[in-house]
Each structure stands twice: as structure tokens, then as C-alpha cells.
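Data first, discussion second: the structure below is written as C-alpha cells.
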Amino acid sequence: MPDLSAVLAGRLQAAFDTLAPGADPVLRPSDRADFQANGALSLARRLGLPPTEIADAVVRAAQLDDVCERVEVSGPGFVNLFLSTSFVERSVREMAVDPALGVERTDAPERVVVTYSHPNVAKEMHVGHLRSTVIGDALCRMLEHLGHEVVRENHIGDWGTPFGMLIEHLVDVGEKTAIAELSVGDLTGFYQAARASFDGDDEFKDRSRRRVVLLQSGDPETLRMWSVLVQHSIVYFDEVYEKLGVLLTDDDVKGESFYNPMLPQVLKDLEAAGLLVEDAGALCVFPPGFTNREGDPLPLIVQKSDGGFGYAATDLACVRDRVDVVGATRMLYVVGAPQAQHLQMCFEVSRMAGWLPSRVSAVHVPFGSVLGADHRMLRTRAGTSVRLVDLLDEAVSRAASAIAERGRDADLTEEEQRLVARALGIGAVKYADLSTDRARDYVFDWERMLSFEGDTGPYLQYAHARIRSIFRRAESGTTGTDGFPREEDGRAASAIVVGTPEERALALSLLGYGAALHSAVDESSPSKLCAYLYALATTFTTFYEHCPVLRAPDEMTRSSRLALSETTARVLAEGLGLLGIESPERM
RNA sequence: GCCCCCGUAGCUCAGCGGAUAGAGCACCGGCCUCCGGAGCCGGGAGCGCAGGUUCGAGUCCUGCCGGGGGCGCCA
């Protein structure tokens, strides 16, 4: 089922094509009508005709009889479209009986590599990783849902100079102790102890430097110890992912070390392409358009003056691997905004070297910082960055007390309450993160994100649970999964009736689901989907207040409203699911 | 100094070049006390500043002001 706006856009496009082929109808939802097409105004200049004349011509040429009850030209040349009730009823019924809820899968499936999360081995995960992980996870779910093939990559920091120090620390404390610390998640302690030795002990520092060389040269014992650090850190990361409820698994781990063997070839091919320039002892590429503090060309340093490879070399190898081996047609880098310039340079150099053909897109999906109530980077009282696990545990425990206070559903077992607390707490954190524009910083506020009122995860989850409760209250077995009463119950509900303004508003809101999802994916902006779901939930509330469902005046109205309610619940559950947020049946 | 992002109501945020800039919280006034108050209805209050493009600018362009970030061997 093509979605509503697609149907209208198609009809209008045909009309516009008769006047000026390819002219954009500029179709938008409107508060003056159901939809408004503003294309006549911009076309007026091109054609040198009065806009109202063009609008009139469009209305005459457009075949809208079966979908609109009224079409008017108003103002300077707006075309206002008022959908016919029968079309709305027909469309929303199609949606209600459609397992896919009317969402069209893409007609141009791509292989999309999404790289996100990327924690560092033997280092704590903090709120910065939260954003990347949650946003990346939502993007993967949405892309897959629309029919794209998604390859998740967790580019963990598992290579480089810090490992000399970390391995020597491992040697000093013994593997048993090290493993114990890492697996309970005391990564801060481990890393800081290593750092302290490195900074305060010259002998340790020397050993560390030698250890880096051993690691680089592939010394088996060094590699074994390195692997201990990596494996046990991954165990810990998995615990965090488990708490967070994201899709990432060990199979998605493709860390810096994976690309290490490819780095000499990167250098060699850049050299062969004539792009490599030696500058101050380092081997660099100078992509055009980037300058430094002094206004001089800014280099992407591929090989440092000490002969080691920097992260630029690794990122270039990533591009090659993703294009040549993984076969990506699109790459999304869910990486913090501060990396913008670095990534632009990497992409540019990749293009110059011919590693990133024009048919493959590489997109930085940047995000802002998480701020505390003081509008500065979120920190603990001690001034250290907040551990992600602590934050998640606090979310769940705060949600648990919120539920205990409210005591919504007394029938819940302890185990069910525990699961609900988890869904609410984690959902609240995720929703708070996903619902604001990615690019902006956002203020982390427990009170607000856990509130059952306003644009929050718990509000949407509660809205969903309340709708489900309608069905529990209705006689059991009266509805099938499509929301329509079953034939065997002797009820003749096969149609949706859109009589009241509230029913109409709800129907139109439901019909906007597909468009909202597509725009969220097109713009890599989960917040678009959040905004849609919130609007749907509030529209439902108004409907629910004004239109009795179980006590509807007649059977036909009742079954129609049940179907609208059920469809709303399904959209909420599926939409939240695509954001990585659970929707408990009861809470 | 240059580059990037951001400045919208008291607070937190939406706003796709289109008509009268929307929510939530907080505040004020009504209503419901009925399917789990996610209550419902109404009210006050705002686009950092100055130019420009356009029939039309919160949205695009330029310059300021303010906040954050980046700017060669950490990743």
C-alpha cells in the first residue's frame, strides 16, 4: 500500500507534468486543509504566469475525485486538499489489516555499513559511547526494516601505543588479577593504574615502549597477552550492550587491529597514486580545501615521523575494506561531531585515491554532547566522566521506584515488575537521547526523561500499555491480530468508520507512519520518528477522551474504534521497537 | 586567526522556503470525577542583532554578537 502522501503526490505530479514536466508539487500536511500543494507559486515565475492561474490549471488537470472531497485554490496560489472520508476510511483499513502497517520497503535496497559504538579496550564506556551506540542501533533497525541490508561494525580501539603500557601493567599485576578487574568492569582502575606507572616510572615507560615494538612485530607472547586484554574487555562491552538492549554482538567487532595488516598497502598505493608528500618527517596527503591555523594546507598524516601509523591510515583502510570486501554502497559513521573534519579529510583522500567510487556514499552522522544540568559536559560530582553502566543501573532503579510509587498494575509479579523497570529505565534514557536533533547537545535530566507526561519514553510506553489494556478488558478472543473482531464471534466489523473529528485526526496520524519512518531513515534522524510517535500518542489521547471505545454507541462503531486503537498500539510498539525501545503489555 | 555546529516562550525542545511560529514542563482559569488521568478544554509569554535574496525568510546568503567544538604526528 503506497502511503497517503505518496498517492496524493503522484496524482499532483501528473497534473504538474502537464504544465512543466518534473515540477515539484511541494506537497505538505497543512493546518488549513489535510494537505497543501505549494508548487504553483514557484512555478509561476518560471512560466511567467500568475500563480493562481497555475494553481487553477493544476486543479483542473489533477485526478483527485476518488481521494478528495474538496480541492480549493486559496491565498496567493495554494492548492488545499481535503481528503474524502471514504478514502481515509479505506486507507486506514488497508493499513490496519496490513502486517507491515502500510510501510513500503525501499525499491532501491542498499548494503549499508553502519559503524558505531566503538569503545576502547581496557577503558571505560561513558556517555559519549551511549549516544553513538543508541543512535547507531536505531539507524540499523530502521534501515533493516525498510529493506536495506545492514552490516554493523564496531570499530573498537584495540591497537596502538597505549597497549605497550597496558600489557606491561598486565605483566606487573598478573593475568589473574587483570582478568578479574576487566571482567567486573573496573576498567578505569586498570587503565589509570597503567597510566600512573607509565607517567611515574621511567623503567616502566621503557618497557612499555619496547612492548609496543614487540606487539607491532607480532611477537607471539605479546600478542597472547594483548588478546587477553581484548577478549575480557569485549566480555565487559557485551554486558553493557546487554543492559542497553542493542543489536551489537561479538560478530560485529571489527577493531583497529583488523586493519593493521592493510596499512602498508594503503601507504604504498597512495605513493603509487602520487598523493603522498613528506612533511616534517611524516608521510601525508594534502586534500584540497583544508587549512590549518596558519592558513597552510592541512595534512592527513598517514605515517608518523617515527614510522608508526596514525588513525588516519586505519580509517583509510576501513574505507577500502568496506567498499572492496564488504561491498558497501553506503557507509554511515555514527561518530561525534568533533571528528567532522577528520572524516571529511579521510573521505576526500579516499575519493582522490579512487577507493571511494561515486556510486558509494560515505556519510558522517555526527552527534552533540550529553550535558549536565549546568550545561557543561556531564560529569560525576568528582569531576570524572560518568560510567555508562552506572548511568544505566540508575535509570533502571529510578524507573523501579517510579513504578512502585504509581502501582499501576497490581497484578504484576516481581519478575514482571523487574522487566518493566528495565524497559522503562532504559527506554527513558534512549528516548531522551534519540528524540532531540542529533547534531545538538542535550541536557541530561532524570526527572524529565522518566516523567510519564510530555515527550518521553515512559509516556509512549504507557500510552501503548493503556491501549493494550482496552483489549484485555474487552471480552477475550474478540479480536484477531489485525484488530478486527473475528468472524467466529459473530461480529460484522469489516470497515473503519471515520465520523468524528477525533477519529479523522487519528486516522490521518496513523496514515503518516510510513512517511515519518522514511524521512527518519533518509535523514539518519531517529528524532523524526520520535516526533511522529509522540504526535500519534497525543492524537490518540484526544480520540480516547472523546470517543468511547468499549462503550461505543453501536457495534460497528465499537469495532471500528477497536481497530483504530489496535493499529495505534501496533504502530507505537513497532515504532518504539525500531528505536530499540521495548513496549511492555502492562506496567 | 581560520573552519564546523548551535542561538526559537521562564525551562527543555519541534518547526520540510509558504498563510496566524508549535509541543511538553512550570504558571493562570474552567470541565470531567466515565474504558487505568498518557485527563480534557482554554489563556499569557518567543525566532540573538543588522543587512540581503524572494511574491513569501525562524528556515537560504553576508556580516556582527553569544555558546560549544576543531585546527600535523593521541584516537
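In this text, all values refer to a predicted model and were calculated from it rather than measured experimentally. Numbers restart at 1 for each chain; the letters A, B, ... are given by sequence-line order, proteins then strands.
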Task: Arg551(A) side-chain N/O to C34(B) phosphate OP1/OP2 under 4.0 Å - done: no
Open item on the list: Does Arg322(A) qualify as a cation-pi partner of Tyr333(A), given the criterion of NZ or CZ under 6.0 Å from the six-membered ring centre and within 45 degrees of its axis?
Closed with: yes
TODO: Check whether any side-chain nitrogen or oxygen of His546(A) sits under 4.0 Å from OP1 or OP2 of C32(B), and answer yes or no.
DONE: no
Open item on the list: Taking U8(B) as the reference, what is the distance to G68(B) when you measure between their P atoms (whole Å, please)?
Closed with: 15 Å
TODO: With C1' as the reference atom in both, quote the distance from U62(B) to U53(B) in angstrom, rounded to an integer.
DONE: 11 Å
Task: Whole-Å distance separating the NE2 atom of His155(A) from the P atom of A75(B) - done: 10 Å
Task: Upstream residue (5' side of RNA chain B) when Gln341(A) and Ser30(A) are each assigned their closest nucleotide - done: Ser30(A)
Task: Protein-nucleotide distance (Lys528(A), atom NZ; C16(B), atom C1'), rounded to Å - done: 7 Å
Open item on the list: Pick the closest RNA chain B nucleotide for Asn80(A) and for Pro299(A) by heavy atoms, then say which residue is nearer the 5' end.
Closed with: Asn80(A)
Open item on the list: Counting C-beta onward and ignoring hydrogens, is there a side-chain heavy-atom pair between Asn80(A) and Gln36(A) closer than 4.5 Å?
Closed with: yes
- [ ] Please check the phosphate of A75(B) (OP1 and OP2 only) for any side-chain N or O of Lys123(A) closer than 4.0 Å.
- [x] no
Open item on the list: Work out how far the C1' atom of G30(B) is from that of G67(B), and round it to whole angstrom.
Closed with: 42 Å
Open item on the list: Using atom P in both nucleotides, what's the gap between A21(B) and C27(B) to the nearest angstrom?
Closed with: 26 Å
Open item on the list: Check for me: is Tyr544(A) stacked on C35(B) by the 5.5 Å centroid and 30° plane-angle rule?
Closed with: yes
Open item on the list: Measuring only the C1' atom in each nucleotide, how far is C25(B) from U20(B)? A whole number of Å is fine.
Closed with: 25 Å
TODO: Considering only atom C1', compute the distance from A45(B) to G39(B) and round it to an integer number of Å.
DONE: 24 Å
TODO: Could you work out the separation of G70(B) and A14(B) based on their C1' atoms and round it to a whole Å?
DONE: 28 Å
Open item on the list: I'd like the P distance from C65(B) over to C49(B), given in whole Å.
Closed with: 15 Å
TODO: Sort out the partner of G39(B) for me: Watson-Crick or G-U wobble, both distances under 3.5 Å, none otherwise.
DONE: C31(B)
Task: Gln344(A) CD - G69(B) P separation (whole Å) - done: 20 Å
Open item on the list: Looking at Glu256(A) and A75(B), is any side-chain donor or acceptor paired with a base atom of the opposite kind under 3.5 Å?
Closed with: no
TODO: Using only side-chain N and O atoms of Arg440(A), determine if any of them is under 4.0 Å from OP1 or OP2 of G68(B).
DONE: no
Task: Under-4.0 Å salt bridge between Arg504(A) and Asp34(A) - done: yes
Task: Min side-chain heavy-atom separation Phe540(A)-Ser509(A) under 4.5 Å - done: no
TODO: Using a strict cut-off of less than 4.0 Å between a Lys/Arg side-chain nitrogen and an Asp/Glu carboxylate oxygen, indicate whether Glu566(A) and Arg468(A) qualify as a salt bridge.
DONE: yes
Open item on the list: What is the distance, to the nearest angstrom, from the CG atom on Asp455(A) to the P atom on G15(B)?
Closed with: 11 Å
TODO: Give a yes/no on whether any side-chain N or O of Arg448(A) is located under 4.0 angstrom from OP1 or OP2 of C13(B).
DONE: no
Open item on the list: Could you tell me the Watson-Crick or G-U partner of G24(B), where both distances fall under 3.5 Å? Say none if there is no partner.
Closed with: C11(B)
- [ ] Among the candidates C41(B), C35(B), A75(B), find the nucleotide nearest to the side-chain atoms of Tyr311(A).
- [x] A75(B)
TODO: Taking the side chain as every heavy atom from C-beta outward, state whether Ser519(A) and Glu523(A) have any atom pair closer than 4.5 Å.
DONE: yes
